[in-house]
Amino acid sequence: MNQIGPIFRALMRNKVGAFLLALQIALTMTIIVNAIHMIENRSSLMARPSGLDEANQFYLTSSGYRDDFNEQLVVEQDLRLLRQLPGVINATQINAIPLSGGGWSMGLRTAPGQDGLNTGVAIYFVDENGIEALDVELIAGNNFSTSEITYREPNAVEWPQNAIITAAAAKALFPDLEPAQVVGKTGYISGDEPLTIVGIIDQLQAPWNGWSGVERVMLVPQRTLFGSSRYFIRTEPGQRDRVMKEAEELLLKQDAGRLIRNVRTMTETREDSYRGHQALQTILWITVVLLTLITALGIVGMVTFNVNRRRKQIGTRRALGASRGDIMGYFMMENFMVTSLGLLLGLGSSIALNIWLVDAFNLPRIGWHYLPIAMVILWLLGQLAVFGPARRAAGISPALATRTT
């Protein structure tokens, strides 16, 4: 500790180099702290359960092309055949796939008219088999009955009388009620068209993983006649891949004037949905590693430069009785002071950058624990980086003090 004064005066004689290194450490801390915060945030988003039995589900698309293509008849026949396949638990026609990136959404209100709070929900058209095919749990109310399933034309604007919503949608619509208490309540779609909420399911995600209302979903008792039908199939555990092939072959055998395409698993869909998140995580990890290495090399370079510049001074100190430990301690303390300055600057800039990220990209605020952890890690990094040059400095011979050149 009695070396702090001489070290500080020595740093002031080379304050530009010391300050630049401190700025580099501050920049490294700022970027690393926020990068790791973003990585953890993306990881938590990717880990969210979709509510589906993803490992045992797949879907495919049937697109009619003949002039006499009877979509309603084909859909009914396809669903009957698919449900009879060995290994199939259930199948349903659906208009969109969770996490796929494309689908329907509408606004719901608790009162008629265009005024008042509008709660966005993703919409899936399903039949009475949709809940089992999706593998969602009905936690309150009733499922759709076979008699209330209707067909929706492309330009239809009317909505069925009943709907099933997720617990998250129920909470958003009626924040003062428990999900079970929402059963029987009325929601209004398209301004003033009433929908009775007949059931609540535990969880199901919308097609858009980045949407703030990703858990707000509504099931509607309709099949679609849009010229192209999407079937969602759930299989028994371990049977998915076999059933996928058999289902495609079975539907292709039917002379219905249509094409079968886009046969995909939910596992593939989830991976594609979060591919951007994974790429961002990779880029951020590479940035963290490179910045850490660059900072460590900067510390090594600065200390090596100081050692070479002070070789005769170090030899003199050794000749006057300074031990190897004294010399090493001098340079490690010098680095500790520079690193501490950089970390204090980095503390403020880390918080400032996070505030900007929260405002600009709606990211959550950084956890307070990131800051002390980052400071300790960078302190340790600084000490490890300076250890080699400091050890070489401690090895300088006292005889160097007697040399004139």
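- Residues S145 and E128 bring no donor and acceptor atom of their side chains to less than 3.5 Å of each other.
- In this structure, N308 contributes its side chain and T304 its backbone to a donor-acceptor pair below 3.5 Å.
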Please report the C-alpha distance between I131 and N90 in whole Å, then the side-chain angles of each, then the deciding distance to 0.1 Å, and finally whether the side-chain contact (heavy atoms from CB on, under 4.5 Å) criterion is met.
-> CA-CA 9 Å; I131 285 181; N90 216 325; over 6 Å; no
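- Between A393 and F331, the closest heavy-atom pair is CB-CE1, 3.7 Å.
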Verdict with supporting geometry, E76 and Y151, side chain to side chain donor-acceptor pair (under 3.5 Å) = CA-CA 11 Å; E76 292 173 353; Y151 281 86; 3.1 Å; yes
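- A donor atom on one side chain and an acceptor atom on the other are found under 3.5 Å apart for S340 and W379.
- More than 12 heavy-atom neighbours from other residues, nucleotides or ligands sit within 6.0 angstrom of CZ on R242.
- Once rounded to the nearest 0.5 Å, the distance linking CE of M29 with CG of L353 reads 11.5 Å.
- With no hydrogens or angles considered, no side-chain donor-acceptor pair links Q93 and R223 at under 3.5 Å.
- When all heavy atoms of V288 and A35 are compared, the pair lying nearest together is CG2-CB, 3.8 Å.
- Pairing each heavy atom of F174 with each of K185, the nearest pair is CZ-CB, 3.7 Å.
- How far OG of S350 is from CE of M375: 9.0 Å, rounded to the nearest 0.5 Å.
- Formation of a donor-acceptor pair under 3.5 Å by the Q281 side chain with backbone atoms of I39 is found in this model.
- Between E132 and I89, the shortest heavy-atom contact is OE2-CG2, 3.8 Å.
- The closest donor-acceptor contact from the side chain of S190 to the backbone of E193 lies at 3.5 Å or more, if one exists at all.
- Y124 is not listed as a side-chain neighbour of V220, based on a closest heavy-atom distance of 4.5 Å or more.
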Start with the C-alpha distance between R261 and S63, add both sets of side-chain angles, then the distance that settles side chain to side chain donor-acceptor pair (under 3.5 Å), and finish with yes or no.
-> CA-CA 8 Å; R261 55 193 181 86; S63 300; 2.9 Å; yes
Go through L81 and Q84 one step at a time and tell me if the side-chain contact (heavy atoms from CB on, under 4.5 Å) criterion holds.
-> CA-CA 5 Å; L81 292 172; Q84 292 173 354; 4.3 Å; yes
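- Proximity of I189 to I123: side-chain heavy atoms (C-beta onward) are separated by under 4.5 Å at one or more points.
- Side chain of Q57 to main chain of R240: no donor-acceptor pair is present (N/O by atom type, distance under 3.5 Å, no hydrogens or angles).
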R216/T119 under side-chain contact (heavy atoms from CB on, under 4.5 Å): CA gap, chis, key distance, verdict = CA-CA 9 Å; R216 298 199 301 264; T119 301; 3.6 Å; yes
Does the side chain to side chain donor-acceptor pair (under 3.5 Å) test come out yes or no for S323 and D326, once each step is laid out?
-> CA-CA 5 Å; S323 66; D326 291 336; 3.2 Å; yes
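- No hydrogens or angles considered: nothing links the side chains of N56 and Q239 as a donor-acceptor pair under 3.5 Å.
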Step by step, would you call Q313 with T316 a side chain to side chain donor-acceptor pair (under 3.5 Å)?
-> CA-CA 5 Å; Q313 177 188 344; T316 301; over 6 Å; no
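- Aromatic pair F125/W104: centroids less than 6.0 angstrom apart.
- Once rounded to the nearest 0.5 Å, the distance linking CG of L371 with CG of N354 reads 8.5 Å.
- Checked by atom type and distance alone, the side chain of T166 never pairs as donor or acceptor with a backbone atom of Q203 at under 3.5 Å.
- Note that CD1 of I299 is 8.5 Å distant from OG1 of T28, once rounded to the nearest 0.5 Å.
- Side-chain atoms of T196 never come within 3.5 Å of backbone atoms of V198 as a donor-acceptor pair (strictly under, hydrogens ignored).
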Take M302 and N335 through the side-chain contact (heavy atoms from CB on, under 4.5 Å) test and state the conclusion after the steps.
-> CA-CA 9 Å; M302 178 181 172; N335 175 261; over 6 Å; no
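- Atom CD1 of residue I139 and atom CD of residue E178 lie 10.0 Å apart, to the nearest 0.5 angstrom.
- Using a 4.0 Å cut-off between charged nitrogen and carboxylate oxygen, R264 and D272 count as a salt-bridge pair.
- Scanning all heavy atoms of the two residues, the minimum distance from L204 to V217 falls at O-CG2, 3.1 Å.
- Judged by distance alone, with hydrogens and angles left aside, the side-chain atoms of R48 form a donor-acceptor pair with the main-chain N or O of L45 at under 3.5 Å.
- The 12-atom threshold is not exceeded at CD of Q161, counting heavy atoms of other residues, nucleotides or ligands nearer than 6.0 Å.
- Judged by distance alone, the side chain of Q222 and the main-chain N or O of V126 form no donor-acceptor pair under 3.5 Å.
- For the pair V136 and D202, the minimum side-chain heavy-atom distance is below 4.5 Å.
- A donor-acceptor distance shorter than 3.5 angstrom exists from the side chain of R152 to the backbone of E158, with no hydrogens or angles considered.
- For the pair L252 and E248, the minimum side-chain heavy-atom distance is below 4.5 Å.
- Contact check for M46 versus S273: no side-chain heavy atoms found under the 4.5 Å cut-off.
- Side chains of L60 and R230 form no contact here, defined as non-hydrogen atoms less than 4.5 Å apart.
- I165 places a side-chain heavy atom less than 4.5 Å from the side chain of L173.
- Side-chain contact check for Y231 and D78: at least one donor-acceptor pair (N or O, by modelled atom type) lies under 3.5 Å.
- The structure places CZ of R270 at 14.5 Å from CD1 of I97, a figure rounded to the nearest 0.5 Å.
- Of the possible polar contacts, none joining the R258 side chain to the S62 backbone as a donor-acceptor pair under 3.5 Å is found.
- The closest side-chain donor-acceptor pair between E271 and T267, if any, does not fall under 3.5 angstrom.
- In this structure, F58 and V243 have side chains that are in contact, with non-hydrogen atoms separated by less than 4.5 Å.
- For the 3.5 Å distance criterion, the side chains of T269 and Y59 qualify, holding a donor opposite an acceptor.
- Residues V182 and A170 come closest through the heavy atom pair CG2-CB, 3.9 Å.
- T92 and D127 share a side-chain donor-acceptor pair at under 3.5 Å.
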